[in-house]
Structure formats: C-alpha cells, structure tokens
J.: 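Take this structure first; my questions come after.
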Amino acid sequence: MRMITYCDALNEAMIQEMERDSNVFVYGIGVPDHKKIFGSTADLLEKFGAERCFDTPIAEDSMTGLGLGAAINGLRPIHIHIRVDFLLLAMNQLANLVSSYCYGIGGKVGVPLVIRAIVGRGWGQGYQHSKSMHATFAHIPGLKVICPTTPEDAKGMMISAIRDNNPVLIFEHRWLYWQTGAVAEESFEIPLGKGKIVKKGKDITIVATSWMNVEALQAAEILARNGIDAEIIDPRTIAPLDEDIIVESVSRTGHCIVADNDWVYCGFSAEVAAMVSDRCFGKLKSPVKRIGFAHTPCPTARHLENQFYPNAETIVRQVENTLGIDKIDLSNELFYSHENRFKGPF
Amino acid sequence: MRMITYCDALNEAMIQEMERDSNVFVYGIGVPDHKKIFGSTADLLEKFGAERCFDTPIAEDSMTGLGLGAAINGLRPIHIHIRVDFLLLAMNQLANLVSSYCYGIGGKVGVPLVIRAIVGRGWGQGYQHSKSMHATFAHIPGLKVICPTTPEDAKGMMISAIRDNNPVLIFEHRWLYWQTGAVAEESFEIPLGKGKIVKKGKDITIVATSWMNVEALQAAEILARNGIDAEIIDPRTIAPLDEDIIVESVSRTGHCIVADNDWVYCGFSAEVAAMVSDRCFGKLKSPVKRIGFAHTPCPTARHLENQFYPNAETIVRQVENTLGIDKIDLSNELFYSHENRFKGPF
Amino acid sequence: MKSVNLDLYRTMYLIRKSEETIQKYYAEDQMKTPMHMSMGEEAIVSGVVGALNLDDQVLGTYRSHALYLAKTGETDLFFAEMYGKVTGMAQGKSGSMHLSAPEKGLLCCSAIVASSIPIAMGAAYANKYQKNGKRVAVFFGDGATDEGVFWETVNFSCLKKLPILFVCEDNGFAVHTPREHRHGFSSLHKVVSSFDCNVFEEKSTDPEVIYRTTQKALSTMEQNDKPCFLRLHYYRYLEHVGINEDFDAGYRPKGDYLDWLKLDPIRLQREKLGTIGFSEQQILELEQSVDEQIARSTEFAAESAFADACELHTGVFI
Amino acid sequence: MKSVNLDLYRTMYLIRKSEETIQKYYAEDQMKTPMHMSMGEEAIVSGVVGALNLDDQVLGTYRSHALYLAKTGETDLFFAEMYGKVTGMAQGKSGSMHLSAPEKGLLCCSAIVASSIPIAMGAAYANKYQKNGKRVAVFFGDGATDEGVFWETVNFSCLKKLPILFVCEDNGFAVHTPREHRHGFSSLHKVVSSFDCNVFEEKSTDPEVIYRTTQKALSTMEQNDKPCFLRLHYYRYLEHVGINEDFDAGYRPKGDYLDWLKLDPIRLQREKLGTIGFSEQQILELEQSVDEQIARSTEFAAESAFADACELHTGVFI
Ligand SMILES: Cc1ncc(C[n+]2csc(CCOP(=O)(O)OP(=O)(O)O)c2C)c(N)n1
Ligand SMILES: Cc1ncc(C[n+]2csc(CCOP(=O)(O)OP(=O)(O)O)c2C)c(N)n1
Ligand SMILES: [Mg+2]
Ligand SMILES: [Mg+2]
C-alpha cells in the first residue's frame, strides 16, 4: 500500500470529507496561510475557497462558540489550534457549552464539531507550548477525545471524527507528523472507542498514548533482544476508552505499565492504572506503574527538557523493575530526541 | 470550644488575615454586595474598605490576571467565584500563567494568590453550576488544590492558603456552609498537604473528599450498626496529596473505596485508586473501587439530580460488595438531600 | 399595525401570566429550578421576536422565560420542564435556565454570562454559508458586555458581516452590581458604534416601538450587510433570581421601580388596544384564551410523570 | 535632550547588536529556543522604556528581546538564558520567550497572546494600592487586541483609573494574518478612545518622538488619572519566528520593508547624534563598549555550565 506521512494523512482525510460533504469547513488561526499548520491544511483554501477554509482573529473563546453555533445549525466545523495550550482559552465553551449542549436540549440535536490541537515539543517550546491535557477534556462527559498515533489511524479516525455527530477533540503530537505509514487512498473510517494492539507480546503489557507508542516500540525492540516479549496497546481513543482490549491483554501478561504523553497526577495514566488494577485484580503479578511527564512545567533548555519527557529508556527501566530482571546495558542505544527524530515507517 | 459554621469559619479566617496583613485583599463578582457570597464575605467591606474588598465586572479571565499581577507585586489577593464553573473562563491564566510563573522566573518570585470557588448543588443548579473539577487543576504542576470539609479545616486551611507563597485553589462545597463545628477563636494554621483520619476503623478504608465525607460518616454509622468498622480518610488537600495517610490506612484494612465529589473518569478518584493499588499491592484484599458523579452533565430535575450524585447509600452498597456481605436493609434510613441537608455539628 | 399590536399584547400577556403563574405555585415546591424572572422586559422580547420571521433564530440566557414564550407561543413543554417532568422540552434535564426549542428557532439558553453570544455568531455563520436568509438574534444582559467574549464576537461578526442582531437587554445591573461599578467607559453605544455595525438604542416600554426599531435594524442590516446592536433599556421588577421583590436590600431605590411601573408594558399596551379600536370584549377573550392555555399547561405539567431514572444517562451523545 | 538621545542610541544599538549576534550564532545550534526577533521595533521599546523611571515596571510577550535589553541593559543573563545555561536568568528554564528581571522591573513575558496584559493590570493595582508611585507599561502586538481579555483589561483599568500604559506595538500582522482579516472596525484608535483613557498614536521610527510621546502620556496620566493607550507602528523586519527574512512567502511585499528600512531607527539615530554634536569618535566608543559587552556575554554564556538535571524539579513552588 501507499506510504504517506501522518501530516498528509490528516490532510487527505479533511480533503476527502470536504469533497464528500459541503457542510464541512475548516478554520482557525493561520489555517490558510502559507505555513498551512505544518502542512496539514495544504490545498484546502485552493480547493474549497475562503468560506470553507478561513483564518480568524486570535480569539479562541469566541471562535469555539462559532464552531458550536455552526455545528448545531447544520454545518460540520473543524477548528484547528496549532498548540493545545491555546485550547485552554476555550475551556468555558468546551466544558460548559459544547459538552452539555446535546444533553441540555434533551438529546435532540448533536454537535458535530471537530477540534484539532497539536501537542508541541522540542526546540525550547517551553511550558506554554507543550501541554497535552487530553485527560482534562476526557474527564468531562459529552466530549470525545482521541490521540491517533499512526498515519492510518490519523486518516481513519479523523474521518470518523468528522462524521461523528458529537464533539471530538483530536490531539496530534507534533513529532508524529513526519512519520510514514501505509494508508489506503480511498476514504475509510476507523471507529472511535476502539484500541489497537500495536505489538503482540506475552510478558508485559505497555499501554501507550500518542508519541509514547514510538518510544514503547523502541523499548520493546530492546527488550526483545533481551528476551522480554512486551505487548503494546494503543487505546487511540482517550474517551470513551476501550477498556476491554487493555484488560484482555493484562489478563494474559499479568503486568502493566502505562506510558502517557502527559502529566501523571490525576491524568489518563491514573485512569488506566485504576481501571486495570480493579478489573485485573488477582491476575496482576505486579502493581500497574505509570510513566509520564515530570511533575513540573516544561523547561526550555534541551537537557532539562529531555529530563522532563519520558522515553524508551524510562520504559525499559520500568519493565526491568516490574519484572525484577537485571539492568540492560543501554549505553549503545540511540534514543529519539529533537535531533534524532523518528521519521520512518511506523 | 466555640461552635461556628463552615461559612463563618471561612469568613473569620479572611478577617483575621486581613487584620494581620494589610496586603491581603478580597475581590470577585458580588463579593461586597448584600448577599456576601452566601455570607462568607460578611463585614469585609465594612471593616477594610473598598480597596481591599471589591466587586468586579463579569470578566473572569482578566480578573485572574489581576490576581497574579497583584500577587507578584507584593499583595496577597483572594479571588472568589460563586461557582467553580466560572473558573473555567480563567483556565488560560491558571494553567498557562499562574501555575508556571514561579518556575519560569527561575524560582525567585512566588504567587501568593488564593482562589475560592464554590461547588454548587441542588435546587436545579444544572450542568453549568455544579461542577467540581478539582482534579483538573490538581493535574497541573504549580497549583495547590484544597477541599476543606469541616469548619475547623475551613478556617485553618484558609489561613494556611493565604500565608502560602504559592497559588492555592480552595473548593468549597455549598452544602458544607451550614455545617457547624468547634473552631478556635484565635488564628491558627492547618498545614496544606496533610490528610486527616475523620473516623478510625479497621475493616475498610473510605477515602472521601469534601461533601462525600458527610455521606461517608453516615454510611459508617449504618455500617457500624451492622458490625462493620469503616475508617474514613479526608485527604483535605487534593494537590499535593498526603499519600502516606491513605497507604497506612489501607495497609491496615486491606480494602479501599474512594468517594469523590466529582466525575470518576480521569478524576481524583482515579489518582487515589492508582496510587493505592500500586503502593498497597499485595496488601489489598479487594480492588479499590471508585464512587463519584454519574458520567453525564448534571441534570436539573430533582429525582435525576439525586441519581447523579452518589450518597451514603452508594457507599454502603459498595462496602457490601467489596466485603462480600449481605445487603443491609436501608428502607428506614433517611439520607441527605436538598430537603434534608446536614446542618448539625460535624 | 392593528393586528401586530394585538399579537404583541398576546405575547406579553402570555409572558406576564406565565410568570405570575410561576409566582403563584412556586411556594408549593414542585418547580425545583432557580427562576430568573423576565418581569419588566416583556416589551423588548415581544417586540424583537415579533419583528423577526418565524424561521429566524434566537438564543438567550438563564433569564429567558419571555424569550421562550415569545418565540414558541407554547406553554406545555415550558411548564412541564419547570416541574421537572418527562414531558418537558428536555425531560426535566435543563430546567428554567436552559430553555430550548430548536425546531422553532430557539437554539439555546445558557447560564454562563455571555456564553451564548459566540454560539449565535456560529449559527449566523451557518445561515450565511447556507444562504438560507435566516437571521439570528441573541439576547443578553448588560453584564454580558463585561466579558471579553462579547467583544471578540462583535469584532468577528462585523468583520464577516454576519446576519446577526445583538440584543442587549439593559437593566443597568449585573445581579446587584450597577453598570458604574463595572464599566470603564461612559457610553456603551459609543464603544459599540466604533465597530462596523449598526447601533440602535431605545428606552421604551412600548413593544410597538421596539418592533419598529427592530424592523428598521433588520432592513438596515439587509441594506449594508452589517450586524446590528440593539441596546434596549428596561427595569427588572423582581430580585435577580427568585420570584420576589428585593427593594429592602438597598442596592436600588424602590422609587425607580415605581417610575417604571407607571410605564408597565402590559398595562400600557392593553390601554393602547382600546384606543386603536379593540373592544374590551375582544381583549378579554384573548386574555381568557391565554389563561386557559396556561391553566391547561400547568395541569398537564403537574400530572405528567417524571422521567425514568435511567434517563439520567441518555442524551449525552446523539 | 542630548544625553537622552545618546542613551536612546545606546539602547537601540545594544538591542540591534544583540540580535545580530543571535543571527550570527543561531546556526551553531547552541541556542535551542525559538527566536521572535525585535528587529524593527527598537525605537518603540527604547523610547517608551527610556521615558519610564527605573523603578517603573514592564511586561512583554515572546517578542521581548528589545524590552529585556532596554529595561535591564545587561546581556550576561540574557545570552546565558538563550544558551540554556544555569547562569541564565531562569537557569535555562524559560528561554527566549519568557524573559524576566523582576528586580529590575521586568515582571514577565508570556507566549500566550494577550495574557500578560491583565497581569500588568494587577501589578498596577498593587502599585496604586501601595501608593508607591510606580507605573506599569505592558507591551503587546496588534494581535493581542483580538483577544477578549485585552478589552476586559482596558475596561477595568479605566474603571479603576490605574497607572498603566498599554503599549501596542503594531506591525499590522499577527504571524501572517493582516489586521484587515482580523478586525471588524476601521480604527483601533477610535475604539479604544471610546473608553475612559488617553490615546496616543505614532508612526515614527525616531526614538526621541516615542520618548516624548511617552512623557506626554505619563504626564497626562498623572493629571487626569486615566490609563494611557499608545499605538505605535513599526515594521517587523524578519519572519514571525526565526532569524531570517520571509518576503518570498508572499504575504507581504518586500517593498514595504524597503520603505521602512529607509527609516531604520538605528541608522537614523546614529546620523542624528552627529547632527546634535556627537563626534564619530564618541559614537564609535559607545558602540565598541556595547560590542565588547556582548562579546563578553556570549563567551560567558558559551562557557557556562548547564543546570544540573535535578534542577528540573526545583522552582515549581517557592
Ligand atoms: C461567566 C459567569 N460569571 C458569573 C456568573 C454569575 N452571574 C449570573 S447572572 C449574573 C449577572 C448578569 O447580568 P446581566 O448580564 O446584566 O443579566 P441580567 O441578570 O441583568 O439579566 C452573574 C454575574 C455567571 N453566570 N457566569
Ligand atoms: C492565545 C494564543 N493564540 C495563538 C497563539 C499563536 N501565536 C503566536 S504569536 C501570534 C501572533 C501575535 O501577533 P501580534 O500580537 O501582533 O504580535 P507580533 O508577533 O506581531 O509581535 C499568534 C497567533 C498564541 N501564542 N497564543
Ligand atoms: Mg443586567
Ligand atoms: Mg503584530
């Protein structure tokens, strides 16, 4: 099958949906400019015109209301934020209005609104341009939250999100944009709320979100060379969660690590750990362990930033601890970093 | 000792701190009007004048920035929101500015800002006036989050919060306002980050937040009559969490239920469950169970609202399940409700 | 204008009587939802909604009894919702603060100040996009102009020349806080006028005046493609929330109320009907039919069942 | 004004040279922080800061190299921070976008558009409360006026008559979006003027003009107790973020740049120094001392150590 990047997959999904349904439109700060949101909105202005692809003032709060109002009046807006952090200015609309609109109107009218938000990292993005916060939105009933990892998932889940009659937030990690993968040319849906086994394994389950799947895969390779067969589960959808795929895996392996691309405290990793500890009670051979950002704002200096983020090494070390095995010599491993980014096929 | 209400305890704490330190001031929508934020800001305007106790336009975002700016310039602002839900308009300032100010300035300048937010319930408050969301803020490094339950804690923790050189968010459940309790007249601090054993017990640990402590106490009474000796832990501070007091308790009882006054999914109850499942691994005789709001927006009609909120009955039923005991007959119990609120001594 | 005046009276009478009915029964404790009463603003809502087309759309706040009744004319779903019954427009889930009737053009009412204003803009964007000719009118209090999102919305609506009417129902207070304690400008009219929009202001309690002003606004908007801002003054008769007066609270003098009461829209309009040729008999018949409608609806509401407990979980998603 | 003009030149030269130094070394990949360059705005920042007292306070955005250098005059902490070193003002934690020097009055810089504006208001509230006579100047781009929080802050500052200067550094673009695509009004000046404040506007690249305008603003504010809004136009020489030109991108014509370049503030001011009596020798000496300062600072930065890894966890709370 054809190989394309994550970024092109997002772009293709939007184009195909905009061709299919004239009610779909895309907007946000910088959406039609020459940078094209890192390329993900390429060709939209040219193909669909300025009414269906437009720039906005810097006014996240009202622009979110715009999406809600348009959505309940028959359109299917896609609102794009080049950084998740800017979404926080729209928190009132999201938590008080968008999420409860359908419920408050007696379940009669849906809100087919898609919000894309990019998770920043690297080159000193710092603490105002690198949050993820998917758990914050997943906590609120009435919002669907997804974190596609592969190009295929990016396309299929984006299309599902656009067709969904309810609000869907898409969190896209910036480092995934360069990733390539096999993606069908024709339009297809990947259902929301379904997790995926990224790699089969029998010794331990690693539940990973977003970019952490890349780290988990590298960790799994290293572990494999050392005789450990790790299974990796990508929930893909943060809310509603596919609990069963995780429970089934942990029931087999007896061990579970959650590697989330976010802070740990009160985050999605807590949810998964709590759920697994409950549903796999008695089958767990070790406590569920959580991996995530350091509990600090994200610093700018590269070496501190590298400390802030967990990576394959963090995962390997945790697996060693969990399984009680000897420390693996990692001195010859090359880990992903800003300079050594993962750009190949996933 | 003298008995006063939770509301009066909050009020007294502010008055005593404002008398002690002329840098403390109080502001927010309706703060000085005749309703006095349910009475909790009584006498402030009269005692301290309009510069230290003032009303604001309806502009939560900028008014939070006001607090941050005043705090880094030597004052100690207390910003009051009559409903937590309005705090969401200030999410950007809280998550992007207030929380990271100290870190971003190299740890040199603190942000002694206190934010009081009241958790609404009852009389059809509905989905825009009844959130709690303490986990959302606890998730963000750089913010301290507290949920005092008793009048004594309200006073002592409020005073600690005001004296703290870092931002502290106080979540006050509306139904606790009428509660009375013994409170020392003189000024005193209750340290943030320290939990409390509300009731000693040996059979099961109930970790409860805010109003859920009242429900847990009633549940414990019912359980006691049926031979079950429950221990109740009130963490009081949501972030940073006093993990040890919980772990110590569960290590003794072997069973744990978390009853949180919020949604369960990705909430504080997930954090406690994940942490306990980890640190008490092997000592737990049953999985940690979580109790919280139904995963829906909060409906208005009373009977649906009563379904939405967990109560003592929910707790009792969960304890029965966890301990594997027979169903207790609750047909003669009178549970708390909007009509039958708890107003006595705690 | 004769029949328009009759319609305006009917709408205002329906609103006033419905709210008096709420006052009458509220103490019975069956309507467990906080009441932000419309009393005093009937002329504004009736006049504006009366001038709109049936398929134009409106949005409001927690204070939208008048808006709901003017836009729908119906009271069955209305009272059932107040009583929290399954026959209410949202099966009791939304209560007094979140009235809606999407099929009749009331898109939503929100209890977060100013929050429905950008939603109205989105609805207007959709209407323009779909070229369906519908206009949107969003109703809000003067307090909403304190919020940044109001200014963002005015800005973008003007930029995009959206078919939207901003209807500021100005009672001079946000809860108990007068505008002088909230505004760093002397004239709201002047500030809004500096945007690319049409601005109108009225201090009348005559619904016909409001109706004509709205018509003028709509035709101006049609001509120059610019959004309209209507600042319409009124006096809130009752406390901010609840069914009683609150003049003892001291934040506003009762004298103001008495002055406005002399111009009570319902009474004046009734008198006007007489002067323009309606007989007392005709008026009484109209009133009676409204009274009966309300009586039927409250009975219907009281007799309706509550939603099944499991309904708590339905309707989060569609 | 002779010595003022020299000081203004020194500040502008320091800013320009520091940024040219960044340009020179950026490709070496040691400054791992996104650079939003000040080139073009030197006259504004130097003029405004020059007119303020030393203990007045300022706040800025991610584009605050100029502001930091003008307010502090120092480059050691500055370059060390750019290099991510422990000797930086925030031990490398804040980088280019969050410069600060609280002890010298730079309270904070934020990379969230408009977000430091209300913080400045809070600082001004504190100064008024403490009656310490300090003024606050908050610097922001024209894009910040899109955000509701800007309007909320102007409103409240005017209401409370706070000693605050709103300094809008207007380059006509938010990233690549021109103001015509963002504003539903024709004159920002007019809109802001409808609030209770003093409004000034300049399109000059002469720092002395900015300096005098700021002085006038400050004395007007002292007289009538009203906040000031300064709209100061300039042209952003480089791309939005990064050290290069971007005229090939097509969103703005290079001709505009060339027009502004004819009025380059640093060159014009250097010429002016000649005409008001400074010798080439004096100017060269000043320039040399600045050059040496920068050279020392970059060397210091390059040689400094990185913060210990455990420093990641310090400074979250005080
Ligand atoms: C964002 C927000 N902040 C505060 C409140 C609390 N509140 C409810 S109504 C109100 C006053 C609104 O005044 P106005 O807009 O003039 O409407 P009115 O009640 O006068 O009709 C306030 C502050 C709220 N609902 N939403
Ligand atoms: C709230 C928010 N939304 C979006 C952005 C992305 N962004 C960064 S700079 C910028 C443009 C700001 O323009 P302006 O205020 O005129 O400042 P300039 O860059 O021209 O100095 C935008 C949209 C942001 N940083 N913050
Ligand atoms: Mg009002
Ligand atoms: Mg600009």
Side-chain angles (χ1 to χ4, degrees), chain A residues 27-37 50 54-65 81-90 92-93 120-131 263 265 293-309 337-339, chain D residues 29-35 62 81-86 88 90-98 110-115 141-150 174-179 181-184 239-241 246 248-251 306-317:
Chain A
Y27 71 109
I29 299 170
V31 162
D33 77 13
H34 62 281
K35 293 275 179 113
K36 304 284 184 194
I37 310 291
F54 58 92
D55 212 332
T56 75
I58 312 171
E60 288 79 1
D61 189 359
S62 58
M63 289 303 116
T64 306
H81 298 270
I82 205 162
R83 289 284 174 261
V84 178
D85 311 68
F86 310 153
L87 202 52
L88 298 175
L89 284 96
N92 177 51
Q93 281 292 327
R121 173 168 176 185
W123 207 253
Q125 294 287 326
Y127 45 86
Q128 292 181 335
H129 282 62
S130 57
K131 293 186 196 63
W263 289 302
Y265 194 76
F293 299 167
H295 199 63
T296 71
C298 178
T300 297
R302 183 68 45 81
H303 70 295
L304 295 178
E305 196 182 58
N306 288 340
Q307 283 286 118
F308 175 84
Y309 289 105
S337 66
H338 191 82
E339 285 70 24
Chain D
D29 231 20
Q30 299 305 310
M31 292 182 266
K32 298 170 196 292
T33 172
M35 296 292 185
Y62 49 89
E81 189 65 34
M82 299 293 166
Y83 278 80
K85 299 301 179 71
V86 68
Q91 305 112 48
K93 288 173 187 171
S94 73
S96 160
M97 298 203 290
H98 307 288
S110 171
I112 303 291
V113 169
S115 64
D142 51 306
T145 68
D146 300 5
E147 288 280 8
V149 74
F150 166 73
V175 192
H176 312 114
T177 312
R179 72 167 71 85
H181 291 183
R182 296 182 287 112
H183 288 167
E239 55 193 338
H240 170 71
V241 53
D246 68 347
D248 53 343
Y251 70 95
F306 285 111
D308 207 86
C310 69
E311 282 288 311
L312 168 65
H313 297 280
T314 63
V316 179
F317 292 120

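Predicted, not measured: the structure shown is a model, and the values here were computed from it. First the proteins, then the strands, lettered A, B, ... as listed; each starts at 1.
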J.: Which answer fits A/L88, side chain, backbone, both or neither, if we ask what part of it has an atom under 4.5 Å from a heavy atom of chain D?
T.: neither
J.: Supply the atom-to-atom distance A/E305 CD to D/T33 OG1, rounded to the nearest 0.5 angstrom.
T.: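 Separation between the atoms: 9.5 Å.
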J.: Who pairs with A/R121 by salt bridge (charged side-chain N to carboxylate O under 4.0 Å, His left out), at least two apart in sequence or on another chain?
T.: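 With neighbours one apart ignored, the set is empty.
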J.: Return the OG to CZ distance between D/S115 and A/F86, rounded to the nearest 0.5 Å.
T.: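 Rounded to the nearest 0.5 Å, the OG-CZ separation comes to 10.0 Å.
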J.: Rounded to the nearest 0.5 Å, what separation is found between the CD1 atom of D/I112 and the OH atom of A/Y127?
T.: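 Nearest 0.5 Å value for the CD1-OH distance: 10.5 Å.
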J.: Just wondering, do A/Q128 and D/Y62 contact through their side chains at under 4.5 Å, heavy atoms?
T.: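 Side chain of D/Y62 against side chain of A/Q128, heavy atoms only: no contact under 4.5 Å found.
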J.: Does NZ in A/K35 sit with more than 12 non-hydrogen atoms of other residues, nucleotides or ligands closer than 6.0 Å?
T.: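 Open: at most 12 neighbouring heavy atoms sit under 6.0 Å from NZ of A/K35.
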J.: With a 4.5 angstrom heavy-atom cut-off, is it the side chain or the backbone of D/S110 that approaches chain A, or both, or neither?
T.: both
J.: Evaluate side-chain contact (heavy atoms from CB on, under 4.5 Å) for A/T296 paired with D/K93, printing each intermediate quantity in order.
T.: CA-CA 11 Å; A/T296 71; D/K93 288 173 187 171; over 6 Å; no
J.: Pairs of donor and acceptor atoms involving the side chains of residues 306-313 of chain D, under 3.5 Å and at least two apart or interchain, shall be tabulated with distances.
T.:
from, atom 1, to, atom 2, distance (Å)
D/D308, OD2, D/C310, N, 3.4
D/E311, OE1, D/T314, OG1, 3.2

J.: Does anything in residues 55-65 of chain A reach chain D? List residues with heavy atoms under 4.5 Å apart, or say none.
T.: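 So the qualifying residues are A/D55, A/T56, A/P57, A/I58, A/A59, A/E60.
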J.: Heavy-atom distance under 4.5 Å to chain D: side chain of A/F308, backbone, both or neither?
T.: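 Backbone plus side chain of A/F308, per the 4.5 Å heavy-atom cut-off to chain D.
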J.: Is it the backbone or the side chain of D/Q91 that comes under 4.5 Å from a heavy atom of chain A, or both, or neither?
T.: backbone
J.: Can you sort out the partners of A/Q93 under side-chain hydrogen bond (donor to acceptor under 3.5 Å, both in side chains), two or more places apart, ordered by chain and number?
T.: none
J.: Against chain D, label A/H338 side chain, backbone, both or neither, depending on which of its atoms sit under 4.5 Å from a heavy atom there.
T.: neither
